[in-house]
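One structure is given below, encoded as structure tokens.
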Number of protein chains: 4
Amino acid sequence: MSSPKQAGGRPRDSRVDHAITRATRELLAEAGYAGITVDAVAERAGIGKAAIYRRYAGKQEMVFAAAVHDMSIAPPPDQGSLRADLAALARDIAESLSAPGAPTLLGLFADVSSDEAALTRIRDTFLERERACVAEVLDRAARRGELTSHPGLTPVHALLTGPILTWLLALRHTDTGDLDTFVTTLADLLTKALTSP
Amino acid sequence: MSSPKQAGGRPRDSRVDHAITRATRELLAEAGYAGITVDAVAERAGIGKAAIYRRYAGKQEMVFAAAVHDMSIAPPPDQGSLRADLAALARDIAESLSAPGAPTLLGLFADVSSDEAALTRIRDTFLERERACVAEVLDRAARRGELTSHPGLTPVHALLTGPILTWLLALRHTDTGDLDTFVTTLADLLTKALTSP
Amino acid sequence: MSSPKQAGGRPRDSRVDHAITRATRELLAEAGYAGITVDAVAERAGIGKAAIYRRYAGKQEMVFAAAVHDMSIAPPPDQGSLRADLAALARDIAESLSAPGAPTLLGLFADVSSDEAALTRIRDTFLERERACVAEVLDRAARRGELTSHPGLTPVHALLTGPILTWLLALRHTDTGDLDTFVTTLADLLTKALTSP
Amino acid sequence: MSSPKQAGGRPRDSRVDHAITRATRELLAEAGYAGITVDAVAERAGIGKAAIYRRYAGKQEMVFAAAVHDMSIAPPPDQGSLRADLAALARDIAESLSAPGAPTLLGLFADVSSDEAALTRIRDTFLERERACVAEVLDRAARRGELTSHPGLTPVHALLTGPILTWLLALRHTDTGDLDTFVTTLADLLTKALTSP
DNA sequence: ACATAATCGAGACGGTACGTCCCGTCTTAAG
DNA sequence: CTTAAGACGGGACGTACCGTCTCGATTATGT
């Protein structure tokens with residue numbers, strides 16, 4: 001993101017970095033991904049546009065940098081069982097994707113969907129953390145003896161994140177239940193799918 | 001979508017409708033949702049912009065109309081078992097979401113995420129069809145005696161569509177397998193989850 | 001300046017042309033050539049920037065079009081003598097170059113001095129009119145018998161316009177006299193130079 | 001121009017002064033007044049921008065300092081007659097204004113035309129030298145008895161510099177003759193104007 | 001010898017304007 | 001009333017300069 005070059009000259013002011021990130025997050029929350037503008041971020045942050053474009057190649061990178069910061073996720077503490085671990089992880093993922101995260105992430109994916117390099121960067125930054133959490137949870141289950149095998153990391157990851165994303169985006173308004181109920185049901189179904197012989 | 005007013009005067013030219021739809025789809029494939037412009041569609045279609053805005057309320061509606069046409073799905077013929085039915089349905093959904101469907105749908109969702117009315121329209125047009133297919137497949141399983149109960153339509157729908165969407169968008173590049181393998185694994189896991197006691 | 005293409009489509013709105021020209025002239029008078037901006041012109045005129053860039057290739061062309069309109073010059077009515085004709089013409093030129101004309105013209109010359117094509121266009125539009133006036137005045141003198149020969153159109157033109165421009169730009173603040181006095185002295189000296197054997 | 005403060009500390013490096021001046025002149029010749037930038041001068045000179053702003057209050061001063069260095073003129077040696085003196089002086093002035101002098105001077109005048117103080121500084125530095133030369137030439141003529149009276153320093157100055165500036169800027173491309181011919185004609189006409197009874 | 005102080009190149013800073021692009025609307029003439 | 005063409009007001013984009021500032025390093029002078 002930032003240029004690694006920092007030989008001579010005045011160093012970057014970290015207060016500017018924070019001001020950009022904070023302003024971006026505020027405006028994402030207020031106006032959403034579609035409604036954010038670089039000029040508005042600069043004005044809100046009290047900085048010049050050049051300071052933004054010195055750090056990020058464009059609006060997408062700026063938003064990405066601000067958004068992923070809200071989406072940092074860590075493996076949940078061991079809950080004692082696969083079902084409880086999955087429920088905890090699902091709750092974490094759901095929280096990280098909640099407003100304004102999900103639409104922002106979606107807008108980003110849509111915006112960069114024809115830019116393979118940018119897509120890869122987003123994937124690597126955001127998805128890899130989730131993937132590592134999934135791997136940790138499955139490892140624990142294997143160590144407990146709950147699982148002797150599983151269908152692979154990617155399907156489990158997809159079955160965990162995909163339904164949550166879909167529910168938040170589209171099904172929330174259809175469903176009669178709330179997010180907690182959905183997440184619990186999801187963890188339950190996923191546990192069955194993995195532990196069924 | 002189209003204006004209901006069409007009393008007297010020259011009737012709309014249906015070739016214009018088709019030209020708009022075809023041009024939109026071509027440009028979606030070439031440039032993606034973020035890269036498409038109304039001017040470009042009009043030029044490619046050899047028509048005027050007014051002809052588009054007479055039919056659609058905006059860019060989003062135009063794209064939506066063109067995109068959902070590729071996404072119409074119907075309940076698959078009875079495959080004899082829940083597992084096979086789920087696999088067939090998953091395959092149909094995966095196909096309907098394949099390029100350029102998924103990023104387009106995402107861009108639309110992101111664009112309209114702050115417009116509740118438009119969001120509802122997209123949801124109702126696109127998701128209801130899927131939901132009906134899921135219901136049909138579950139009904140068949142119930143009639144066969146494979147299922148005595150299930151956790152509700154929405155969770156099953158989410159567990160079917162969500163992982164496919166996520167895999168197409170993000171995990172495809174990580175996974176070693178192909179779409180068919182993933183879809184089969186998904187149907188398998190889902191069957192276990194539903195039929196496990 | 002304007003594109004000659006005008007086959008189909010909505011025609012240019014002449015009120016927009018006038019609004020641009022008026023706003024440009026007002027802002028030139030208020031802020032000078034260096035202080036004018038395209039955004040300010042658009043705002044003052046109550047139009048979009050695109051309407052300006054549809055007509056002019058850039059700021060320079062816009063300013064030029066507005067400035068030359070103020071600088072139209074015509075041969076003065078026959079004053080009965082070369083001296084009186086020159087005095088009248090000098091007065092006209094001085095008026096056409098007076099604020100904000102002279103600095104504007106200068107800024108333009110400086111701005112485009114490395115663009116031979118633009119320079120030629122300015123020259124042709126502005127200087128040719130003056131040159132024709134000089135020619136007319138010399139012709140009259142020849143018909144009256146005041147002149148049997150003259151050193152050429154260009155030197156006379158230069159001796160008329162050059163001193164006025166220089167005085168307005170630089171010497172006005174040094175000189176004790178006013179513009180009228182200077183113009184009279186100039187016409188007097190020029191008459192002597194031309195009629196001296 | 002330069003700050004008078006220079007009590008303690010590291011003294012200014014005169015190589016920096018020369019590098020600035022040379023780079024400014026090179027870039028003026030290449031890109032003209034409108035095309036020159038402070039960053040470009042600094043880069044070309046291999047120095048930092050601060051070194052420029054430590055010496056000059058702004059771009060205009062920097063350019064002015066570099067440009068007038070090419071424009072210093074002195075009274076020509078006595079040529080024995082008013083006509084010859086004027087021709088020699090006209091030639092000197094023409095040379096001092098030749099590329100890139102004239103457009104640069106113009107750009108400066110246009111840029112500072114709303115800044116009375118800067119305008120005065122340019123005028124005093126540049127025009128006063130010319131004015132002194134004109135005075136010297138007229139004095140010689142008076143001492144020779146060629147002139148008993150003249151219309152004042154300012155008109156003569158305007159009639160000498162103005163036509164040359166105008167010719168260089170605008171008429172050069174129209175005229176069939178060259179600068180030498182024009183300068184000779186100018187000196188001739190000016191002599192007639194001054195010596196005619 | 002060593003602190004003081006102004007210099008140096010490099011480059012980030014807040015601003016401002018540029019010229020381009022697109023949106024959704026409006027205005028033509030032709031059919 | 002629809003059509004193709006295209007101008008309209010509005011507004012965001014990303015770039016380029018301006019003149020200021022901050023960094024670490026250098027280079028003289030005054031003690």
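Here is the naming used below: chain letters follow the sequence lines, and residue numbers restart at 1 for every chain.
A search for salt bridge (charged side-chain N to carboxylate O under 4.0 Å, His left out) contacts involving B/Arg15 returns B/Asp13, not counting sequence neighbours. The side-chain contact (heavy atoms from CB on, under 4.5 Å) check on D/Ala66 picks up D/Thr21, D/Thr24, D/Arg25, with sequence neighbours excluded. Applying the salt bridge (charged side-chain N to carboxylate O under 4.0 Å, His left out) test to D/Lys49 and every residue at least two apart in sequence or in another chain returns D/Asp39. With sequence neighbours left out, A/Glu26 forms a side-chain contact (heavy atoms from CB on, under 4.5 Å) with A/Arg22, A/Glu30, A/Arg44. Not counting sequence neighbours, the partners of A/Leu106 by the side-chain contact (heavy atoms from CB on, under 4.5 Å) test are A/Leu165, A/Leu169, B/Leu106, B/Phe109, B/Ala110.
Protein atom CZ of D/Arg12 is 16 Å distant from nucleotide atom C1' of F/dT29, rounded to whole Å. Distance A/Arg44 CZ to E/dG14 P: 16 Å, rounded to the nearest Å. Distance A/Ile52 CD1 to F/dT15 C1': 14 Å, rounded to the nearest Å. For the pair C/Arg15 CZ and F/dC8 C1', the computed distance is 10 Å after rounding to whole Å. D/Tyr33 has its OH atom 12 Å from the C1' atom of F/dC18, to the nearest Å. Atom OH of A/Tyr56 and atom P of F/dC13 are 15 Å apart (whole Å). Distance CG (B/Asp13) to C1' (F/dT3): 9 Å, rounded to an integer number of Å. Rounded to an integer number of Å, the gap from B/Ile20 CD1 to F/dA4 C1' is 12 Å.
Regarding contacts with the backbone of F/dG14, every side-chain N or O of A/Arg55 stays at 4.0 angstrom or more from both OP1 and OP2.
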Report task. Mind running side-chain hydrogen bond (donor to acceptor under 3.5 Å, both in side chains) on A/Tyr33 and A/Asp111 for me, showing each step along the way? Result -> CA-CA 10 Å; A/Tyr33 180 77; A/Asp111 249 18; 2.6 Å; yes
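Under a 4.0 Å N-O distance rule, the pair D/Arg121/D/Glu61 qualifies as a salt bridge.
Summary of the strand contacts: A/Ala51 and D/Ile47 both lie near DNA chain E, and taking for each the nucleotide with the nearest heavy atom, the more 5' one is attributed to D/Ile47. Toward the 5′ end of DNA chain F lies the nearest nucleotide of B/Ala45, the other residue of the pair B/Ala45 and C/Ser14 mapping further downstream.
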Query raised in the report: If the sugar-phosphate is the primed atoms plus P, OP1 and OP2 and the base is the rest, what is the B/S/- string for nucleotides 19-26 of chain E, using protein heavy atoms under 4.0 Å?
Result: BB-SSBBB
